[in-house]
Engineer: 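Next up is a structure, given as structure tokens.
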Number of protein chains: 2
Amino acid sequence: MIDKLEFLLALAREKHFGRAAEACGVTQPTLSAGVKQIEEQMGVLLVRRGSRFQGFTPEGERVLDWARRIVGDTRNMREEINSLRLGLSGRLRIAAIPTALAMVAALTTPYRERHPNVQFTILSRTSVEILELLENLEIDAGITYVENEPLGRVSMIPLYHEHYRLLTSADAPLGNRDKVTWAEVAQVPLCLLTPDMQNRRIIDRLLKSAGGDSRPTLESDSMILLYSHVRTGRWASVMPEKIAQTLGLTDTIRAIPIVEPEAVQTIGLVVPKREPMTPTTTALVEVARRVAPTLTD
Amino acid sequence: MIDKLEFLLALAREKHFGRAAEACGVTQPTLSAGVKQIEEQMGVLLVRRGSRFQGFTPEGERVLDWARRIVGDTRNMREEINSLRLGLSGRLRIAAIPTALAMVAALTTPYRERHPNVQFTILSRTSVEILELLENLEIDAGITYVENEPLGRVSMIPLYHEHYRLLTSADAPLGNRDKVTWAEVAQVPLCLLTPDMQNRRIIDRLLKSAGGDSRPTLESDSMILLYSHVRTGRWASVMPEKIAQTLGLTDTIRAIPIVEPEAVQTIGLVVPKREPMTPTTTALVEVARRVAPTLTD
DNA sequence: TGGGTTGATAGATAAAAGCTATCAATGATA
DNA sequence: TATCATTGATAGCTTTTATCTATCAACCCA
């Protein structure tokens, strides 16, 4: 029964019988039969079909909601019992927005000191994707903007604030300044994240409200790529302070505070709101609460 | 998998492999194999055995806790989907303390007007048993004293207050009074509920604090039996006002308020604290909230 | 020590779940 | 409009799992 519910979850993720089957490690007919069996047990069609997957019926959506809960609880049970036997172990799956990637180590390092047998998988995702992954039980926790409304299904632990800096060569225009305004930044050709990233949308908004418009010369979904361009001395970017520090500032590359307005975004840990949480997630929340005061400025 | 978890729940209820198997509608070897299979999947012994059932290991207790949640959610899912198809239907299982039995009709009657396809099973149980039945998913709701600490796992909706009355023949001693004290009641031979009932323990406490002691001439777990004795005119009893009214007062039988102190107990509806509740339970809570103001005095 | 109780084990059988191969329906493309 | 690719359903077969009956070993109590 629980396996069949997992079929349903995979189908919701993949929106495709064949790929969902592959994700579950079974063949397509097996998955089809499993879905049909749940439908028979419930006495209602759950999936709208028509020679291809067309989404779920209203009843299907409700079943999906329950399935997420039931499957999630089953996994949590397994993990809790394993932890009782072996101490904290297993794999903690975390997704973070790119600008927060550098801060993840502030959580994983103290975590690992306490619980050396836990392994990590850390993904770089957009804030929207992170919430989806949490919903679909594909990650245990996310690190993202806490202003993204909590949806009621997740708990948020604030971690630190993003302060924006103009990253630029010292001998470029503005390169010798102690601080710059958003209006000034809007005049410079920039390397920024792609528009699907919330960070980019925040910066766009700030540039626009300062009277400029956002036409970055270069877009990427990788902070490394942006930074490597800045390092050439020929490009500039806008980045949160922390990640700029982590990537390292040289004599020639400066991170200049941007004011008017002094924009701040809060970044936090996001975990599914479900009691009880898995032991590994509980431990992560503990670490987050412990280190958060040391990160805030 | 879920079936196996049901085996475990049955075993926790029955504390006996054979009876648990019977309750699940399978043979004893099947249940034994099912339990063993979960133990293998978890990699831990869950049941302490030794030629007979000896309880659960600590890991077993944790698995039981999860199993209750998972099995409960699965049933709730089924019921919710059924309700979407057929409107509100199914069976609502309620257990009430004996002194509240007469008040159940105040819930079931308006409920049935709105949702005529829901059937009821109503059990008379002690307050302790009601909480156990709720834990074990054997009832959907209870009606009991709300002072019984909520345990965090249940929600309580206050319904009405129990006021105590001396039920006695008009020509018996005290029979002509407008009110009596607990100290006076303590002098009269009484028919009371058995000591496993909280109502009895409450009355015992009141009698004792008034300086009397509680040596009822007759004990029973049935309010009908108590009342039928009072009706003979030769016995007296202490009952909540509402049930006395329901059983009917004749010219010869009076219900006399008992004062010093004027004791009041709050009775309420108790449902599992789990979101979302089943549609039938949700409807019951709605009815309870609606009728409660009309019951309170 | 013997009878009754309890849960485990063995062996047989029935039920299910899964796979491969194939088909029908749909949609896109030339 | 004819052709081809995609997608999910279906059929038939095999393997695996679940369950039953019958029996056994351990234990308890008298």
Engineer: Once you round it to whole Å, what is the distance between P of D/dT10 and CZ of A/Phe17?
Structural biologist: 11 Å
Engineer: Is the closest basic N to carboxylate O distance between A/Glu39 and A/Arg49 below 4.0 Å?
Structural biologist: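 A salt bridge links A/Glu39 with A/Arg49.
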Engineer: Given atom CD1 of B/Ile2 and atom P of D/dT17, what is their separation to the nearest angstrom?
Structural biologist: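 Interatomic distance, CD1 of B/Ile2 to P of D/dT17: 19 Å.
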Engineer: With salt bridge (charged side-chain N to carboxylate O under 4.0 Å, His left out) as the criterion, how do A/Arg75 and A/Glu6 come out once you've worked through the C-alpha distance, each side chain's angles and the decisive distance to 0.1 Å?
Structural biologist: CA-CA 11 Å; A/Arg75 292 186 192 165; A/Glu6 302 229 29; 2.9 Å; yes
Engineer: What is the distance, to the nearest angstrom, from the CD atom on B/Glu22 to the C1' atom on D/dT19?
Structural biologist: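 After rounding, the gap between these two atoms is 17 Å.
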Engineer: Identify, with sequence neighbours excluded, every residue that meets side-chain contact (heavy atoms from CB on, under 4.5 Å) alongside B/Glu138.
Structural biologist: B/Arg13, B/Leu133, B/Asn136
Engineer: Earliest and latest nucleotide of DNA chain C, 5' to 3', sitting under 4.0 Å from a non-hydrogen atom of chain B?
Structural biologist: C/dT6 to C/dT9
Engineer: Could you go through the salt bridge (charged side-chain N to carboxylate O under 4.0 Å, His left out) check for A/Asp65 and A/Arg153 one step at a time?
Structural biologist: CA-CA 12 Å; A/Asp65 216 43; A/Arg153 295 175 180 247; 3.1 Å; yes
Engineer: Are the side chain of B/Thr57 and the backbone of B/Leu46 linked by a donor-acceptor contact shorter than 3.5 Å?
Structural biologist: yes
Engineer: In terms of the nearest nucleotide of DNA chain C, which residue is placed more toward the 5' end: A/Arg52 or A/Gly25?
Structural biologist: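 Here A/Gly25 is the residue nearer the 5' end.
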Engineer: Where do B/Asn76 and B/Pro276 come nearest, in terms of heavy atoms and distance?
Structural biologist: ND2-O, 4.0 Å
Engineer: I need the CD-P distance between B/Glu40 and D/dA18, as an integer number of Å.
Structural biologist: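 Computing the B/Glu40:CD to D/dA18:P distance gives 11 Å.
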Engineer: Counting only heavy atoms and a strict 4.0 angstrom limit, can you tell me which residues of residues 26-37 of chain A come near DNA chain D?
Structural biologist: A/Gln28, A/Pro29, A/Ser32, A/Lys36
Engineer: List, one per line, each side-chain donor-acceptor pair under 3.5 Å for residues 14-22 of chain A, sequence neighbours excluded.
Structural biologist:
from	atom 1	to	atom 2	distance (Å)
A/Lys15	NZ	A/Ala12	O	3.2
A/His16	ND1	A/Gly18	N	3.1
A/His16	ND1	A/Arg19	N	3.0

Engineer: Determine yes or no for a side-chain-to-main-chain donor-acceptor pair under 3.5 angstrom, with B/Thr30 supplying the side chain and B/Val26 the backbone.
Structural biologist: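 No.
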Engineer: Say whether A/Glu79 and A/Thr280, considering side chains only, have a donor N or O and an acceptor N or O under 3.5 Å apart.
Structural biologist: yes
Engineer: Are the side chain of A/Arg62 and the backbone of B/Leu84 linked by a donor-acceptor contact shorter than 3.5 Å?
Structural biologist: no
Engineer: Which parts of residues 60-68 of chain B get close to DNA chain C, meaning a heavy atom less than 4.0 angstrom away?
Structural biologist: none
Engineer: Could you tell me whether A/Arg200 and A/Asp204 have a side-chain N and a carboxylate O separated by less than 4.0 Å?
Structural biologist: yes
Engineer: Please classify the nucleic acid contact of B/Lys15 as base, sugar-phosphate, or nothing, using heavy-atom distances under 4.0 Å.
Structural biologist: nothing
Engineer: Is a donor from one side chain sitting under 3.5 angstrom from an acceptor on the other, for A/Thr282 and A/Glu286?
Structural biologist: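 Per modelled atom types, A/Thr282 and A/Glu286 side chains form no pair under 3.5 Å.
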Engineer: What's the angle between the local helix axes at either end of the helix from C/dT1-D/dA30 to C/dA30-D/dT1, using five pairs per end and rounding to 10 degrees?
Structural biologist: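 Nearest ten degrees gives 30° for this helix.
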Engineer: Determine yes or no for a side-chain-to-main-chain donor-acceptor pair under 3.5 angstrom, with A/Arg91 supplying the side chain and A/Gln119 the backbone.
Structural biologist: no
